[in-house]
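Predicted, not measured: the structure shown is a model, and the values here were computed from it. Just the heavy atoms: all of them, side chains too, but no hydrogens, waters or symmetry mates, feed the values below. Residues take their numbers from the sequence shown, with the count starting at 1.
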Amino acid sequence: MSNAFASPPMLRLSRRPAAPRPAPRAFGIWLLVVAAMVLAIVIVGGITRLTESGLSIVEWDPILGAIPPLTHGQWQAAFDGYKAIPQYKAFNQGMTLEGFQHIFFWEYLHRLIARGIGTVLLIVLAVFWWRRAIPQGYGWRAVAIFCLGGLQGLVGWWMVYSGLQFRTEVSHLRLAAHLLTALLIYSYLIWTALDLFALARNPAARPARLVPLAAAAIVILALQIMLGAFTAGLRAGYAFASWPKMGDEWFPAGGWNAGWSTLRNLVDNPIAVQFAHRWWAWVALVAVVAVARFAKQKGNRPAATAIVVAVIVQILLGIATLLTGVRIEVAVAHQAVATILLGTLIWGSHALGETEKARI
């Protein structure tokens, strides 16, 4: 089985095996490699957002867009495209070509990693399919993961497009959708890999089920991450650089827009969004620690420990993000650890749903 992972894939395609040769462990390792790439793109996406780089590329060309500007004329054409959008006219008039190249770099890197994820996933799926190494019942999951990747590309452009005509930034709602879609793919990759590892340990193992406690914890954490995306998109983190109070009050006077519904305040009101993000974190803490506790009882102490460490670090980074006035390094670390925390929660949730045979 190790040879299926270690051998150069494209050198072993000359003859397709006559019979299936399932390689669940190798397939699972490759899915974790792709999950690590998704973690990387989430981190770069956070940098792109914080450096206001996301609108520097105003066209979507999935193939030829992989080639950056190479000549001065090409750079100038790309810069001229950026000058035509509202963000440049509102905030960046007078920007030099060198300054444009700096913000272009982060958006280009973000898109390049996205292309890399799609390419690696396509090659892995093609090689394992050709070698008949995808275990029975996992072919549809492989197709679903690939389709979700395509959907994510469309959601990414849908997000960018929201800031090209009338707005000076992308829609925070579309930003949240883009992030949550990436994290759905990330979670699905990890869960599937864990199922494959269980299958490698015991050919009779069945896929883990998602138990109600784990499902509730995942939804609660997803809501917290969504509020974080709203906070970033609305620049709500800059409103109050203090903790636990917002300035001198727990909730600032006049911070609630009485003319809006509760839902709209929690979605569009920067002060209400920051408040919700601050305090929903404690609900998420209780939920993920509950999963950690039961995962430990089920015998998966490493997953339980990883969850607890990740959630403590994440809360400390959230507080530090506020107290440093959303310093880029701290804010990016906050987003990265949120993704890692989700990964540990998926690990623990998987442990809760494993059958006895899967743990043999």
Side chain to side chain, R131 and V127, heavy atoms closer than 4.5 Å: yes

Side chain to side chain donor-acceptor pair (under 3.5 Å) filter on T181, not counting sequence neighbours, yields none

Hits for side chain to side chain donor-acceptor pair (under 3.5 Å) against R132, two or more places apart or cross-chain, chain-then-number order -> none

- Task: Spell out, as yes or no, whether a donor-acceptor pair under 3.5 Å connects the side chain of S242 to the backbone of G247.
- Result: yes

Heavy-atom nearest pair, A198 first then A205, reads O-CB, 3.7 Å

Please check: side-chain N/O of N300 versus main-chain N/O of K296, any donor-acceptor pairing under 3.5 Å? no

### 4.5 Å side-chain heavy-atom contact, L122 and V120
no

In terms of heavy-atom contacts, S171 and S162 come closest through N-OG, 2.9 Å

Evaluate the side chain to side chain contact (heavy atoms under 4.5 Å, CB included) criterion for residues N257 and D268: first the C-alpha distance (whole Å), next the side-chain angles of each, then the deciding distance (0.1 Å), finally the verdict. CA-CA 10 Å; N257 191 327; D268 291 331; over 6 Å; no

Those residues at least two apart in sequence (or on a different chain) that pass ring-ring contact (aromatic ring centres under 6.0 Å, His included) with F146 are none

How about CG on D61, more than 12 heavy atoms from neighbouring residues, nucleotides or ligands closer than 6.0 Å, or not? yes

*Above 12 or not: heavy atoms from other molecules or residues under 6.0 Å from CD of Q136?*
no

With the side chain counted from C-beta on, respond yes when Y188 and R141 share a heavy-atom pair under 4.5 Å apart, and no when they do not. yes

Parallel, tilted or perpendicular, as decided by the 30° and 60° cut-offs, for the rings of Y161 and W157: tilted

* More than 12 non-hydrogen atoms from neighbouring residues, nucleotides or ligands closer than 6.0 Å to NZ on K83, yes or no? -> yes

List, one per line, each side-chain donor-acceptor pair under 3.5 Å for residues 38-50, sequence neighbours excluded.
{"unit_1": "T48", "atom_1": "OG1", "unit_2": "V44", "atom_2": "O", "d": "2.8"}
{"unit_1": "T48", "atom_1": "OG1", "unit_2": "W106", "atom_2": "O", "d": "3.4"}
{"unit_1": "R49", "atom_1": "NH1", "unit_2": "E52", "atom_2": "OE1", "d": "3.3"}
{"unit_1": "R49", "atom_1": "NH2", "unit_2": "A232", "atom_2": "O", "d": "3.4"}
{"unit_1": "R49", "atom_1": "NH2", "unit_2": "G233", "atom_2": "O", "d": "3.3"}

Sequence neighbours excluded and cut-off under 3.5 Å, please list the side-chain donor-acceptor pairs for residues 284-293, or say none.
none

Between the CZ atom in R209 and the CG atom in D195, the distance rounded to the nearest 0.5 Å is 13.0 Å

Connected to L70, directly or through other members, by ILVMFWY side-chain contacts below 4.5 Å are I67

Check your understanding: Does K298 count as lying over the ring of F294, i.e. NZ or CZ under 6.0 Å from the six-ring centre, within 45 degrees of the axis?
Key -> no

All N/O donor-acceptor pairs, side-chain side in residues 90-97, below 3.5 Å, sequence neighbours left out:
{"unit_1": "N92", "atom_1": "ND2", "unit_2": "Y82", "atom_2": "OH", "d": "2.6"}
{"unit_1": "Q93", "atom_1": "NE2", "unit_2": "K89", "atom_2": "O", "d": "2.8"}
{"unit_1": "T96", "atom_1": "OG1", "unit_2": "G99", "atom_2": "N", "d": "3.1"}

Any link between L109 and I57 through a network of hydrophobic side chains (Ile, Leu, Val, Met, Phe, Trp, Tyr) touching at under 4.5 Å?
no

Q. More than 12 foreign heavy atoms under 6.0 Å from CD of E59: is that the case here?
A. no

Applying a strict under-4.5 Å side-chain criterion to I, L, V, M, F, W and Y, I'd like to know whether L154 and L121 cluster together. no

Looking only at heavy atoms, the pair that brings G139 and I134 closest together is N-CG2, 3.8 Å

CD (E354) and CG (L352) are apart, to the nearest 0.5 Å, by 9.0 Å

Note: P270 and A236 closest approach over all heavy atoms is O-CB, 3.2 Å

Contacts of Q335 meeting side chain to side chain donor-acceptor pair (under 3.5 Å) (sequence neighbours excluded), chain-then-number -> none

Is the shortest heavy-atom distance from the side chain of R111 to the side chain of W60 under 4.5 Å? yes

**Asked** Under a 4.5 Å cut-off applied to non-hydrogen side-chain atoms, are Y88 and L55 in contact?
**Response** no

**Request:** Check whether any side-chain heavy atom of E249 sits under 4.5 Å from a side-chain heavy atom of F240, and report yes or no.
**Result:** no

Practice prompt. Mind telling me whether W75 and F100 have parallel, tilted or perpendicular rings, with 30° and 60° as the class edges?
Written response: perpendicular

* Asked: Can you check side chain to side chain contact (heavy atoms under 4.5 Å, CB included) on L189 and L32, steps first, answer last?
  -> CA-CA 7 Å; L189 285 163; L32 286 187; over 6 Å; no

Sorted by chain and number, sequence neighbours left out, side chain to side chain donor-acceptor pair (under 3.5 Å) with Q76 holds for D80

Report the C-alpha separation of L234 and Q274 in whole Å, then their side-chain angles, then the decisive distance to 0.1 Å, and conclude whether the side chain to side chain contact (heavy atoms under 4.5 Å, CB included) test is met. CA-CA 9 Å; L234 293 168; Q274 192 195 116; over 6 Å; no

Answer yes if L196 and V143 sit in the same cluster of Ile, Leu, Val, Met, Phe, Trp and Tyr residues linked by side chain heavy atoms under 4.5 Å apart, and no otherwise.
no

d(L266 CG, W260 CH2) to nearest 0.5 Å is 11.0 Å

- Message: In the structure I gave you, are the side-chain heavy atoms of P22 and Y138 within less than 4.5 Å of one another anywhere?
- Response: no

Residues, nucleotides or ligands: over 12 heavy atoms within 6.0 Å of R327 CZ = no

Closest non-hydrogen contact found for A78 with P69 is CB-CG, 4.2 Å

The ring-ring contact (aromatic ring centres under 6.0 Å, His included) partners of W347 (sequence neighbours excluded) come to none

When rounded to the nearest 0.5 Å, the distance separating OG1 of T321 from CD of E329 is 10.5 Å

Answer yes or no: are there more than 12 heavy-atom neighbours, outside E98 itself, under 6.0 Å from its atom CD?
no

So CD of Q152 and CD1 of I117: to nearest 0.5 Å the spacing works out to 8.5 Å

Worksheet item: Below 4.5 Å, heavy atoms only, C-beta onward: do F275 and W256 meet side chain to side chain?
Response: no

So if you build clusters from Ile, Leu, Val, Met, Phe, Trp, Tyr with side-chain heavy-atom gaps below 4.5 Å, do L227 and W250 land together?
yes

For residues 201-235, the ring-ring contact (aromatic ring centres under 6.0 Å, His included) pairs (sequence neighbours left out) are H172-F230

Original post:
Honestly curious: do L184 and I225 fall in one hydrophobic cluster under the side-chain, below-4.5 Å linking rule?
Top reply: yes

Query raised in the report: Where do L173 and L175 land on the side chain to side chain contact (heavy atoms under 4.5 Å, CB included) test, with the steps shown first?
Result: CA-CA 5 Å; L173 298 176; L175 175 69; over 6 Å; no

The reported gap from CD1 in I190 to OG in S349 (rounded to nearest 0.5 angstrom) is 11.0 Å

Closest heavy-atom pair, P68 versus F104, reported as atoms and distance to 0.1 Å, is CB-CE2, 4.4 Å

Apart from L317 itself, members of its ILVMFWY cluster (side-chain separation under 4.5 Å) are V309, V313, V330, V337

